[in-house]
Amino acid sequence: MANPASIPVIDISESQGDQVHTAKQLVDAAAQHGFVYIRNTGQYISPANVEQAFSVSKVLFESPFEDKQRCKIEKNNQGWVGMHTESLDPKTQRETLKSFNFGAFTESKATQPIPKSMEPYEADLATFRESCHNLCRRLLLLFGIGLEVDPPDFFAEAHSPDKASGSILRFLYYPPPRATPTAQESDVRAGAHSDYGSVTLLFRLKGQAGLEILTPTKDWVPVPVCPPGTEKDPSPPILVNIGDLLSYWTNGLLRSTVHRVTFADSETSKNAHTAGLTNGESTKDPRYSIVYFCHPADDTRLTAVPSERVQSFQGGLATANAGNPYAERKVLTADEHLKMRLQATYLEMYGSEEREQKSQAKMKQFARVSIFNSVLNKAYASTGLSRNLGLTIIPPSIHTMAKERAVVKEPARERKETSGDKVTKKGKSKKHTETRYDTADDKSRGGVSVNLQPVEDTSMVDSLDLEDAKSSVNKKSKIKTKSKEDEQHEVEDDKGATQGGAMFFSIGTNDAKKETESQNDEQDEVEAEKEISQGYVEFFSIDTNPTPVDLAAVRVAGAENSTGPKLNREARREIRLIEKQREIFIKKMEKQLGEDSVDEALLQKQMDKWIRKRDLMTRDRHQRKELRARQSAAARRQKKFTQKQEKQEKIKSLRTQLSKMDEL
Ligand SMILES: O=C(O)CCC(=O)C(=O)O
Ligand SMILES: [Fe+2]
């Protein structure tokens, strides 16, 4: 068993004597280990506040999945990260963590969507984040003093809280090993990585093992929560580690050290002997941790700081970061660095180059399908939007179907009206007219209707077959139907999760038309599923920020008399609303800045923001609708079940009576 790391514990409270001495101690620890414990005396963050932050974190992770999913992580690195979404170390197969990243707060209000369950704690979160930042700035000042940077507050100033930065307060949750039954030996809780910012604060709970650091001799050693001498402190020390930026800034004098979180537990890992457990700590329970990643202002340049000690440092970045593949200097500013690291972490969200190429190929394929092109062209043309719209992927079977349909020139859909009497639930007769747009004859392969709706999951668009895609939708709906949301379901759902905020089209086929309520049990099931999935199979999306398309060409194509299917009412309404909103923004801009002063880029930004917000609202509405459908389906099922039981009871009692009569 590897010995725990001998990271020093330092008391930085101002009352603790010589500031220069403390600063030198800090620099030495950061240069040797890249990690240092700060005794928590409560001067910067009280143990009570840390405890409260952990309680809030538990509330967050226990809140409904939909509530968190609504706030999925975006490219600004803020939001909810579901299971297997993140990949800190692309070499590791899977990481079993969930987390929530809080960005900036203004006047105690979050500047990002947060789960409803967090609303009562917004001010507490803002205060906690602020105290973390203050502690980091104190540490940065001490690093400046210890390194004799001129001026000593060089680092602290670069982290002014008034400027936009990538700083993040992050709550982490690692499910217990028993909740990840499909875990493989190679799985880790968090993959090997160094942190992206300047300094990181890490809060952990007593008894929760797992964190390990990679030493210069390439050994993984555990970092206990309570190192010797701190066991009786009111709160475990705060673990501070040096991030890549401080390493760049100091030419590698301060080390950004690679670390990870493992299942290093004798019960769960065959590698227990290499992992090494520290006394009294284990990984068998769920693990919670809180991290504060402190970043400088976005535009901060990452050149070596004005310090003789740094400039004359012989080791240099390469030597100091031997074993840290992440610390290669490739960038000039803090936000460029962060973007580069986030791209590698959230492959799914940013899309790898390979996926980009594939989607390009699919786009070309898509372009050949005139029937769908005409739908899009019309949509683009009628919105008159200057935002760049683009598309992603259609399953080949739909592609084939569309091609066929284009070739046979299926007859246009006809408006059909049927009227008659309908018996209401109360047994009264009522006049009823139903309008349908239907194909005129039975040559139809199922009419196509296009429907605009935001969806939260596009995983099925990769499906190779329409039927597959359909059953995948239904399967997912079924998963969601289960009332008890357990870990495994979250894992399933997370797998397909992609970034929100995009607007998607979906396609419905004739067989998905609303059916009249049936008395038949099975039919009821089918109906419920249809209601839930709304009978639609997502097939392509309009991304709000994708590959640009030539809008001029789109307008020309849109103006032609296309023979493709018409946009349905919801789609047309959506487009009208977008147009209207755009006009409102233009008018506002003109009012403020005078006529012909429309700033296209700004307008674009406003539109994107508005659309994102609207998409979220629409998604909420759909979720509510889905919930209602689920509830009524469950009620129907329950009713059927009770009726069946009553019937059986009756038969049973009749049989008993009969046999009694027989006996007589
Ligand atoms: O949970 C932990 O102990 C460490 C997490 C971590 O290293 C990170 O989020 O960067
Ligand atoms: Fe980390």
Side-chain angles (χ1 to χ4, degrees), residues 4-5 7 30 33-37 50 53-54 57-58 60-61 73 77-83 85-90 92 95-102 132 136 166-176 187-214 220-227 236-247 255-265 275 277-278 281-283 285-295 321 324-327 337-338 341-342 344-346:
I7 298 167
H33 304 279
F35 273 74
V36 57
Y37 288 108
V50 176
F54 272 109
S57 159
K58 281 182 188 158
L60 188 147
F61 289 111
I73 188 136
N77 197 26
Q78 297 168 9
W80 163 253
V81 181
M83 193 78 99
T85 311
E86 179 176 295
S87 183
L88 288 166
D89 174 11
T92 12
E95 295 172 22
T96 52
L97 61 82
K98 299 176 191 188
S99 65
F100 199 98
N101 289 358
F102 293 97
C132 287
C136 288
S167 295
I168 290 287
L169 171 67
R170 173 177 230 205
F171 287 171
L172 284 137
Y173 169 70
Y174 304 89
D187 285 358
V188 283
R189 279 183 149 170
H193 67 282
S194 58
D195 287 353
Y196 317 162
S198 330
V199 278
T200 303
L201 307 181
L202 176 60
F203 303 86
R204 293 175 293 163
L205 289 172
K206 270 185 189 163
Q208 302 197 341
L211 181 70
E212 296 174 354
I213 60 170
L214 189 63
W220 283 108
V221 295
V223 185
V225 180
C226 294
I238 302 165
L239 190 63
V240 173
N241 66 301
I242 303 301
D244 295 342
L245 301 192
L246 216 50
S247 199
R255 297 171 51 83
S256 82
T257 295
V258 174
H259 53 285
R260 66 180 187 184
V261 184
T262 66
F263 287 109
D265 195 301
L277 290 172
T278 47
E281 293 184 7
S282 127
T283 56
D285 293 325
R287 183 177 187 275
Y288 291 87
S289 63
I290 298 177
V291 186
Y292 183 68
F293 299 108
C294 185
H295 285 247
N321 287 307
N324 181 357
Y326 307 99
H337 171 263
L338 182 60
R341 294 294 304 273
L342 290 174
T345 307
Y346 298 106

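In this text, all values refer to a predicted model and were calculated from it rather than measured experimentally. Ligands are counted one by one from 1 in listed order, and the atoms in each one are counted from 1 as well.
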Problem - Atoms of ligand 1, numbered as shown, that sit under 4.0 Å from any heavy atom of H259 - result: 7 (O)

Practice task
Mind checking whether R189 contacts ligand 1 via backbone (N, CA, C, O), side chain (CB onward), both or neither, at a 4.0 Å heavy-atom cut-off?
Solution key: neither

Problem - Element-labelled atoms of ligand 1 that are located less than 4.0 Å from some non-hydrogen atom of L172 - result: 1 (O), 5 (C), 9 (O)

Practice task
Without swapping roles, check the side chain of R287 against the backbone of A209 for a donor-acceptor pair under 3.5 Å.
Solution key: yes

Practice task
Provide the number and element of each atom of ligand 1 under 4.0 Å from a heavy atom of V261.
Solution key: 1 (O), 2 (C), 3 (O), 4 (C)

Practice task
Look at the side chain of H259 and the backbone N and O of L214, then say whether any donor-acceptor pair between them is shorter than 3.5 Å.
Solution key: no

Problem - Polar side-chain atom of R204 near backbone of C226 as donor-acceptor pair, under 3.5 Å - result: no

Practice task
Tell me, please, whether Y288 has K58 positioned over its six-membered ring: NZ or CZ under 6.0 Å from the ring centre and within 45 degrees of its axis?
Solution key: yes

Completion exercise
F293 heavy atoms within 4.0 Å reach ligand 1 at atoms 8 (C), 9 (O), 10 (O)

Practice task
Look only at the side chain of N101 and the backbone of N77, and say whether a donor-acceptor pair between them is shorter than 3.5 Å.
Solution key: yes

Problem - Location of contacts on D195 toward ligand 1, heavy atoms closer than 4.0 Å - result: side chain

Completion exercise
Contact region, T200 to ligand 1, non-hydrogen atoms below 4.0 Å, reads neither

Completion exercise
The answer for which part of H193 has a heavy atom under 4.0 Å from ligand 1 is side chain

Practice task
Taking S198 for its side chain and L245 for its backbone only, find out whether a donor-acceptor pair lies under 3.5 Å.
Solution key: no

Exercise for the section: State if R287 counts as touching ligand 1 under the rule of any non-hydrogen atom under 4.0 Å. Expected result: yes

Exercise for the section: Look only at the side chain of S289 and the backbone of L172, and say whether a donor-acceptor pair between them is shorter than 3.5 Å. Expected result: no

Exercise for the section: Indicate yes or no: does an N/O atom of Y174 lie under 3.5 Å from an N/O atom of ligand 1? Expected result: yes

Handout entry: H259: its N/O/S atom lying closest to the Fe ion (ligand 2) (atom name)
Key = NE2

Fill in the blank from the handout: In Y173, F54, F100, the residue satisfying ring pair (Phe, Tyr, Trp, His ring centres under 6.0 Å) with F61 is Y173

Practice task
Run the numbers for me: atoms of ligand 1, each under 4.0 Å from some heavy atom of S289, listed by number.
Solution key: 1 (O), 2 (C)

Problem - Shortest-distance N, O or S atom of D195 relative to the Fe ion (ligand 2) - result: OD1

Practice task
Please report the closest heavy-atom contact between L97 and R189, naming both atoms and the distance.
Solution key: CD2-O, 3.4 Å

Exercise for the section: Number the atoms of ligand 1 from 1 as they appear, then name those within less than 4.0 Å of a heavy atom of R170, with their elements. Expected result: 9 (O)

